[in-house]
Amino acid sequence: MEEWRFAIQIAAFSGRGDPTPIAETEKPLPAAVKDNRDKLLERAMSRHQYSGDALIEVLHTAQELYGFLSPERLKTIARKLRLPPSRVLGVASFYHFFSLEPKGEHTMVVCLGTACYVAGALGLVEVLQRRCGAGSKVSVQTARCIGSCGLAPAVIADGKILARVTKASLGAELDRIG
Amino acid sequence: MDRVTKKPRLATAWLGGCSGCHMSFLDLDERLIDLAARVEFCACPLTDLKDFPEADITLVEGAVANEEHLETIHEIRKRTKILISLGDCAVTGNVTAMRNAFGVEDVLNRAYKELATVVVGIPSGNDVVPKLLARVRPVHEVVKVDYYLTGCPPSADAIHACLVDLLEGREPAGEVKRFG
Amino acid sequence: MTIEELNQTQADETARQQALDERIYCCTAAGCISCGAEGLRNAITEQVKSQGRLDKVEVCGTGCMGMCSRGPLVMAASGTALYGNVTPSDAPALASGNPLDRRPLADRQIDLNAPFFTQQVRIVLANSGRVDPEKLTDYIAAGGYQSLARALTELKPPEVIEEVKTSGLRGRGGAGYPTGLKWELVSKQISPTKYIVCNADEGDPGAFMDRSVLEGDPHRVLEGMAIAGYAVGAQQGYIYVRGEYGLAIQRLQTAIKQAEREHLLGSRILESGFGFRIDLRIGAGAFVCGEETALIASIEGKRGQPRQRPPYPPESGLWNQPTLINNVETFANIPPIIEKGGAWFASIGTPSSKGTKVFALAGKIANTGLIEVPMGTALRTILFDIGGGIPEGKFKAAQTGGPSGGCIPEQFLDTPVDYESLARIGSIMGSGGLIVMDNASCMVDVARFFMEFCMDESCGKCIPCRAGTVQMHDILRRMTLGDASEDDLAMLEELSGLLRETSLCGLGQTAPNPVMSTLRYFRQEYEAHIRERRCPAGHCRIEAGVPA
Amino acid sequence: MSVKTLEIDGKMLTGVAGETIFSVAWNKGIRIPRLCHIGGISDVGACRLCLVEIEGQKKLQASCLTPVEEGMVVHTDTPKLRAHRRLIVELLFAERNHICSVCVMNGDCELQELATELGIDHVRVRYQFPSLPVDLTHERFGLDHNRCILCTRCIRVCDEVEGAHTWDMLGRGTNSRVISDLGEPWGASDSCTSCGKCVQVCPTGALFAKGKAVGEMRKDRTFLKYIVTAREKKQWIE
């Protein structure tokens, strides 16, 4: 919840209609894709006939391409899908999957589902919070059950599920990605 | 009951508030004279007592904002039969609690540093200024409260009606004219 | 593909498989993949290749084999020998085809005659671990799409519905509404446009049944949906799947493409007059979207907020059209019901709860994983025979139904697991998450955990849920810190009643369940936190001194 | 148009098919409490204050969304409903910072009025004291999130009556917040027409006209009926 709140604070109090552009540190993508991102987003919208009903699919595509949803991006999407901007932000901020500010180079998602909680996932969060403070390359997030309860406690490191994570193995993973 | 006068003992106390509720109490005007005849006033913010006295009824104005309030309210509760939250600060926290959204440090910095003109600096190191609690709380969050008089301030009529009901052995009608 | 071609494909593929020396199944469900199943599968394939036996031995990826705690799992010798915790270095032994070469793996062989396997009855999971979820022909060889073919050729839509009604199947999403009745409601609506929605927004913490079914046998769900479409008169289906389920999404996409290519989906299915399309909708991280009206709002591209029912979705759902919403497991039960008949299905289970139920076992239990048992199986059988019991410590409670469910204490271990029995003891069937807690678990903290979940997932529309979960969580949190009074406990109960009776949707109405069930069976733990400022389980860190 | 006869609080009343219990009751002077409902815009059934008991139904129903049916027996003011309503209003007071004594709407606030009606003399749940901003960037109006109860009347009136859809809801749960456009300050909104409808329908002091002191703000909702009747029936009523 905190991520968007901060982004919105910036957007809301930095001046007239034109929020501070946030530096785009985006997911590494093949060069060909990177240059084509605007086109790919356009294509996704056209595939849905620019229908407002497809807002969530379009937001998924935009986040996949750019790593997060900047105010400019939301504005573009609103215009193209002919939706009020407030509705687009309302939808984007409702779903936790969408990120309104850039993520770190790496992401670590600690599962806090029941099985992981019972297996001590909170300890893993503590480790990550201690080691990945401000300025770290690693964005730390928590999830409400990733459905890998048989592997508790589980962590998703850059999209890959790590099973039965211990404080030590998590530390080793952090050392590895630097 | 006062042992000498055989009258019920009435006290008032002033925690974190502006004293406006006490002003409203004073607005009872000539009714104060009747009241004085029916009760023994045993404590108010102007009496200089070492300990809070035993009382039948205590009207408490203000929210619990600092360590002294905390100690006082526990003491009052121990020695009072009927405790009444007097006014919105006691009942809801009201203006006194507006600092809760900011945190103690920010509030102190604002008051004693940013806006200070003569002496700049947060008072510390002596027992004169009690330490602020992390969070201002309405009285009933800290001790059990028996009756509530809402309003900022509650009207003199409401205070009077409540006291008269109690003194005549009735359950106060507790009609709420305005909340918050 | 015509029906003749479907039959031919089935015969050809079966013959091809029988001609092989052996098939080696590697579990490639999310659980085993996270333990290195992909590398293992490649190593085994390499090994077979180096032996020059690629034409005689097939290495297949499969869906979940169930015993996730021992992953990665490999089933060698065409499904007769199961091994756990294997590594790529075991590839030569697994690939040799000679049982003698597998001797070094003896200590990691899993007994297929253990209660874990023998006590299960697999209908929904029949293909999981036996069929390659990425190969349509594998599914067809196992009898796939024959039920759809039968429905289209032999049964009229009302007869399909009748079969489902006879089966006694009830919704597997948790509430247990009779599936046949729901289908009938939708079929009776007069409307040119109707929708089928598969709810795959499995969000209960501790549940991974739907994910496993989608990863392990995606075509089964597609087939079930197509049959439903035929029965109620819908041409369009949506699968609303959690964004977190990357592998399931990928396999569903593959499966839909394959089915469309072979005219098992799309216009004129199996050359009949019936057409049915399925599109995926990816959830974006909101538990409340499991509630059907919120799910509909989400598919329509809106904030996933529930609305007042009635009207119910069968009358007015997606884009205000009649909409049938069923859960993954419900649809997965449809093909076998059409194949073997409703009466066969109704012969399994209890009088009021028919068929089987898939459970995800997690927590303090030896065999964490995925199981399927007949309705009415005793909790004790599930936990101690199949689940292998508690590894260390003593059993304290089993939690079913996730944040809407309750904690079941030891005295009810012999309760048969069916909709009514669980409701009677203050829990619910839920979608099938089953989490075991031992005596190191503090029940107040468990209640707090679930309340935190509901608070975070409350959509914020109605006041009781939005603000009530915050207050309930605040009280429970203070209890675990030793800063709560008897009045707080009374308020907790009053709030429970408020949320249950006044919340707009099921999330809010059931949010107090974990609190109420733990209060019912473990009240003394609450009282210890309040009166003695002590956590009997030794879990909460209550600091000495005056509470804050 | 078929007429339905039903009993509400012991009175035999009639309504036309499709009319809600809420509407029939209010027309006959039975004032069911409400905060999110306001005549002239769509209903969402979010505040849960207008819940009523209907005989023969297990669940309480939101009267603003439940159409009348022949022979219904409805109770709008039972001890159970009063207890629920009281706690709901307490929850609202505790959720944000409703400091009535320094609010422009003190004395004319629907939330405050409801608290008084329900006899609330203190709030039994803990005040949350969230830290929330006040947006004073608009030339004529202000938005104080501390007073907002998230009833969404402003969002609906802006969308349905004015047609601008300037407002929407950010985030979810207790962290929800009303936003204009892409979360920019209200004064910077491109879509806002400054019509002030949102201010007039706001039940509390969350939306207010600038220049009013404590207790001075009064709101006028008659425009809604006027506009909606004009639009739907082409009649311009008083």
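Just so it is clear: chains get the letters A, B, ... in the order the sequence lines come, proteins before strands, and each one is counted from 1.
Within the 4.5 angstrom heavy-atom criterion, no atom of D:Asp43 approaches chain C. For C:Gln509, the part sitting under 4.5 Å from any heavy atom of chain D is the side chain, from C-beta outward, and nothing else. No part of C:Arg307 comes within reach of chain D, as not one of its non-hydrogen atoms sits under 4.5 angstrom from that chain. The contact between C:Ser503 and chain D is made entirely by backbone atoms, counting heavy-atom distances below 4.5 Å. Both the backbone and the side chain of C:Glu501 come within less than 4.5 Å of a heavy atom of chain D. With a 4.5 angstrom heavy-atom cutoff, D:Leu35 does not touch chain C via any of its atoms. Interface remark: C:Leu495 contributes backbone and side-chain atoms alike to the contact with chain D (heavy atom separation under 4.5 Å).
Atoms NE2 and CZ, from D:His84 and C:Arg500 in turn, are 8.0 Å apart once rounded to the nearest 0.5 Å. Between the CD1 atom of D:Ile88 and the OG1 atom of C:Thr502 there is a distance of 4.5 Å, given to the nearest 0.5 Å. The distance from atom CD1 of C:Ile463 to atom CZ of D:Arg48, rounded to the nearest 0.5 Å, is 9.5 Å.
Considering all non-hydrogen atoms of both residues, C:Pro464 and D:Cys47 come closest at CD-O, 4.5 Å. Across all non-hydrogen atoms, the minimal contact from C:Gln471 to D:Ala94 is NE2-CB, 3.5 Å. Of all heavy-atom pairs between D:Arg172 and C:Glu457, the closest is NH2-OE1, 2.7 Å. Here the closest non-hydrogen pair linking C:Asp483 and D:Arg126 is OD2-NH1, 4.5 Å. Closest heavy-atom contact between D:Ser176 and C:Cys459: OG-O, 4.1 Å.
Of the listed residues (D:Gln61, D:Lys80, D:Lys58), the one with the most heavy-atom contacts under 4.5 Å to chain C is D:Lys80. Heavy-atom pairs under 4.5 Å with chain D peak, among C:Val288, C:Ile475, C:Asp488, C:Val470, at C:Val470. In terms of heavy-atom pairs under 4.5 Å with chain C, the best-connected choice from D:Thr152, D:Leu51, D:Leu150 is D:Leu150.
Applying the 6.0 Å contact sphere to CZ of D:Arg31 captures no more than 12 heavy atoms from other residues, nucleotides or ligands.
In this structure, the side chains of C:Gln308 and D:Val44 stay at 4.5 Å or more apart for every pair of heavy atoms. Under the 4.5 Å side-chain criterion, counting only non-hydrogen atoms from C-beta, D:Thr174 is not in contact with C:Ser458. No side-chain heavy atom of D:Met169 sits under 4.5 Å from any side-chain heavy atom of C:Lys461.
Checked by atom type and distance alone, the side chain of C:Arg466 never pairs as donor or acceptor with a backbone atom of D:Gly173 at under 3.5 Å.
Just one of C:Glu494, C:Met472, C:Met491 meets the side chain to side chain contact (heavy atoms under 4.5 Å, CB included) condition when paired with D:Val125; it is C:Met491.
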